[in-house]
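Presented below is the structure to which this report refers.
These values consider heavy atoms only, across backbone and side chains, with no hydrogens, waters or symmetry-generated copies. Just so we're clear, the structure is a prediction, and the values are computed from it rather than from any experiment.
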Amino acid sequence: MSPRTFIRAARGDVEVQALRRSAVELVAETTAGPSVVEEHLARFLYHEGVGRVGEAERRSWRASLPVLAHDLREAGLGGVQVLMEARLPLTSKRADVILAGVHPRTGRHSYVVLELKQWSGARRWEDSDVLVDVPGAPYRPSLHPALQVDGYVDYLRDFLRVLADEPDAMRGAAYLHNAGEDTVGDLRRVESGARSPVFTGQRRADLHDWLRSRLAPDSGVRAADDLLGSHVAPSRQLLTVAAQEVREREQFVLLDEQRVAHELVLSEVRRAREADTKTVVVIAGGPGSGKSVIALSLLGDLAREGRTVMHATGSRSFTQTLRQVAGKGSSRTKSLFAYFNSFMTAEKNGLDVLILDEAHRLRLTSVNRYTRKEVRAVARPQVDELFDAARVPVFLLDQFQVVRPGEMGSVAEIEAHAAARGLQVCQINLQAQFRSGGSDAYLDWVLRLLGLRDGGPVEWRDEPTFTVEVAESPEAMTARLEAQISQGMNARITAGYCWPWSDPRSDGTLVDDVVIGDWHRPWNVRGERGVPGAPPSALWATVEGGFGQVGCVYTAQGFEYSWNGVILGPDLVWRDDRWVARREHNKDPDFRSRKAVDDATFDRLVRHVYKVLLTRGMAGTLLYSVDPETQDRLRQLVNPAG
């Protein structure tokens with residue numbers, strides 16, 4: 001096997017992908033012509049599911065890679081392995097370069113993450129120590145490059161088992177090879193807290209010395225093999241570390257636009273306090289893009305700054321889980337987590353910040369059957385109540401996850417309400433995602449499969465980091481998922497709401513309502529108390545025992561698990577060349593009334609339901625439809641033969 005390219009182990013074992021060259025090979029290719037390595041990179045990314053790269057990215061390769069090759073040659077590091085466009089595990093993010101080699105003093109594996117910038121200069125953005133302004137850049141502001149590299153290094157240390165026992169084996173640096181010292185003075189003056197050094201083209205010799213302190217001239221083949229072939233350690237899942245996040249200063253690693261979003265919110269909070277103004281912040285992103293990571297990081301940082309801050313959702317499962325996990329042992333911490341309808345009579349601007357997670361679950365009003373008559377009489381739109389509750393309300397949402405009648409959490413609706421109030425809106429879009437093995441292609445496949453994105457369904461081919469299978473029966477699905485559980489993974493089965501949902505029996509046991517042939521299982525527990533062998537509904541997705549029940553969209557939404565089994569019920573079936581939504585087969589009480597939910601709305605919402613269910617998995621998804629024609633269509637689309 002050639003050392004020139006990345007060699008994969010069995011599917012699922014390898015999580016880092018990169019175009020691989022030795023430094024000597026990179027020098028030869030860039031000397032032969034800048035388009036040689038450029039074309040190799042373009043083909044590599046295309047085959048990895050990224051798609052066709054744009055001219056801007058090609059220009060950056062042409063500008064940076066020959067410079068890097070020259071520097072490695074000048075530094076005498078010809079044996080070092082160069083991993084280009086290295087994809088971070090379980091995300092769609094890529095590091096520009098990882099250098100793999102041998103440490104000159106210890107003889108052990110040593111790695112350097114390099115961020116290559118074509119910037120000719122950069123200035124401090126306003127009074128921030130974290131954000132920088134780059135003249136001519138398409139996105140402004142940008143994250144301080146040293147902090148960007150710090151994030152990549154920390155993320156790789158957290159996820160790759162090869163680094164688990166030797167975190168010091170990896171370091172990072174930013175290389176602004178077109179910049180001079182006089183044009184980046186702000187980057188050196190700010191107290192960003194970054195650990196990674198910043199080098200400019202003017203101080204190329206310093207970069208060479210630093211690289212030689214981390215890497216020997218010896219061959220880095222073994223180090224590269226071990227990094228690329230590393231198993232991924234179990235993810236520090238959102239809710240299992242929430243307690244540390246809120247109470248003990250432990251933070252998730254925020255990458256690129258996640259960190260930018262985090263810093264912009266903190267900036268808006270400070271501005272609102274100083275200028276006595278109100279700003280609405282909307283952070284939009286798909287499943288797994290890090291919205292809840294940002295939310296909890298903000299909650300922890302703002303609380304430590306002494307700001308009055310609360311976290312709210314429209315999901316009982318999500319809120320109860322946060323209270324159970326993040327607030328464990330602390331009633332004061334539990335009080336930070338509320339519901340959207342908790343602010344009907346809140347004091348105006350009583351909070352500095354209100355963090356509204358899962359904001360696609362906003363309701364038209366907060367009124368329900370338990371609302372007091374005097375409060376009901378003066379009820380306003382729920383979004384207006386939330387606007388009023390804080391100087392800076394922060395909405396984090398995915399508008400394709402609106403799944404119930406009466407939900408209104410789209411960017412356009414929030415902006416329209418803000419405009420009617422004369423409020424400024426700051427919108428931030430999160431492009432990367434960290435679920436589904438970091439596969440943008442899978443999320444696109446799901447949207448096209450369900451007709452939520454133009455272009456129609458397309459075939460799915462498995463990627464190194466994500467697997468899709470069509471199970472031949474519920475029994476086969478269960479056996480496949482049990483095999484993953486036996487290997488230390490976690491898994492859940494969900495289904496469309498197409499079967500009745502019984503109350504527990506008098507002895508507390510659950511009724512096997514979901515019946516498909518000889519296969520039968522109960523729905524997850526409805527209430528806040530578990531029963532023997534089954535957790536309460538709010539903890540179904542996160543604690544032991546949940547695999548024994550079938551989850552619905554309301555208990556799965558907002559959560560993730562390694563392996564995801566999805567049963568498509570008879571409420572959405574494939575007929576000829578299109579999906580047909582069949583209300584008569586749906587058992588959700590919210591969908592029964594045609595007066596409240598017309599056919600077009602039901603069609604849209606039921607597709608959103610399955611979109612949510614299909615995007616919960618981190619490593620793989622298994623599909624099964626109870627409808628034979630739909631099952632045949634899925635077989636045609638998923639890893640077809642030939």
Side-chain angles (χ1 to χ4, degrees), residues 131 139-141 143 254-273 275 277-299 301-302 307 309-315 318 338-341 343 349 351-364 366 380-403 406-434 443 452 557-558 608 612:
L131 304 178
Y139 302 106
R140 303 167 73 176
L143 185 63
L254 299 177
L255 298 176
D256 292 354
E257 65 264 32
Q258 294 176 347
R259 185 70 181 272
V260 171
H262 177 272
E263 294 300 326
L264 286 176
V265 173
L266 293 180
S267 177
E268 292 298 336
V269 170
R270 297 178 188 117
R271 191 197 310 272
R273 170 63 69 88
T277 59
K278 180 188 289 285
T279 300
V280 177
V281 178
V282 178
I283 301 175
S289 56
K291 298 183 295 295
S292 294
V293 173
I294 294 169
L296 285 181
S297 292
L298 285 170
L299 181 63
D301 285 348
L302 290 166
R307 310 286 186 182
V309 58
M310 289 188 66
H311 180 287
T313 81
S315 165
F318 200 51
Y339 295 103
F340 293 157
N341 62 4
F343 301 91
N349 290 337
L351 298 171
D352 290 323
V353 186
L354 179 56
I355 300 167
L356 302 156
D357 207 350
E358 300 275 298
H360 40 264
R361 303 195 69 168
L362 286 174
R363 308 290 290 182
L364 295 176
S366 298
R380 298 171 296 144
Q382 187 175 78
V383 67
D384 283 331
E385 296 168 358
L386 300 174
F387 283 164
D388 284 345
R391 289 181 179 274
V392 182
V394 181
F395 297 84
L396 300 103
L397 60 88
D398 173 4
Q399 49 203 356
F400 283 127
Q401 290 198 48
V402 174
V403 298
E407 293 179 342
M408 54 77 63
S410 71
V411 175
E413 288 169 314
I414 293 171
E415 288 181 334
H417 278 272
R421 297 275 300 272
L423 299 177
Q424 176 185 351
V425 177
C426 173
Q427 183 182 343
I428 301 162
N429 292 314
L430 302 174
Q431 301 301 324
Q433 60 89 26
F434 294 74
L443 296 185
L452 298 174
Q557 193 170 28
H608 284 192
V612 170

I want to check something: taking the side chain as every heavy atom from C-beta on, are [X] and [Y] in contact at a cut-off of under 4.5 Å?
| X | Y | answer |
| --- | --- | --- |
| Val282 | Val425 | yes |
| Leu362 | Leu386 | yes |
| Arg271 | Arg391 | no |
| Val394 | Val353 | yes |
| Gln424 | Thr277 | no |
| Ile414 | Leu397 | yes |
| Val269 | Val309 | no |
| Ile428 | Leu264 | yes |

To the nearest 0.5 Å, what is the distance between [atom1] on [X] and [atom2] on [Y]?
| X | Y | atom1 | atom2 | value |
| --- | --- | --- | --- | --- |
| Leu351 | Met310 | CG | CE | 6.5 Å |
| Gln382 | His417 | CD | NE2 | 10.5 Å |
| Ile355 | Leu296 | CD1 | CG | 8.0 Å |
| Leu423 | Glu415 | CG | CD | 12.0 Å |

Minimum-distance pair of heavy atoms, taken over all atoms of [X] and [Y]:
| X | Y | answer |
| --- | --- | --- |
| Ala390 | Leu354 | CB-N, 3.6 Å |
| Arg361 | Gln557 | NH1-OE1, 3.0 Å |
| Phe343 | Ala312 | CE1-CB, 3.9 Å |
| Ala295 | Asp357 | CB-OD2, 3.8 Å |
| Leu266 | Leu298 | CD2-CD2, 4.0 Å |

Can a donor-acceptor pair be found, under 3.5 Å and without considering hydrogens, that links the side chain of [X] to the backbone of [Y]?
| X | Y | value |
| --- | --- | --- |
| Ser267 | Glu263 | no |
| His360 | Asp398 | yes |
| Glu358 | Thr313 | no |
| Lys291 | Leu430 | no |

Checklist entry - Step by step, would you call Phe395 with Phe387 a ring pair (Phe, Tyr, Trp, His ring centres under 6.0 Å)? => result CA-CA 10 Å; Phe395 297 84; Phe387 283 164; 5.8 Å; yes

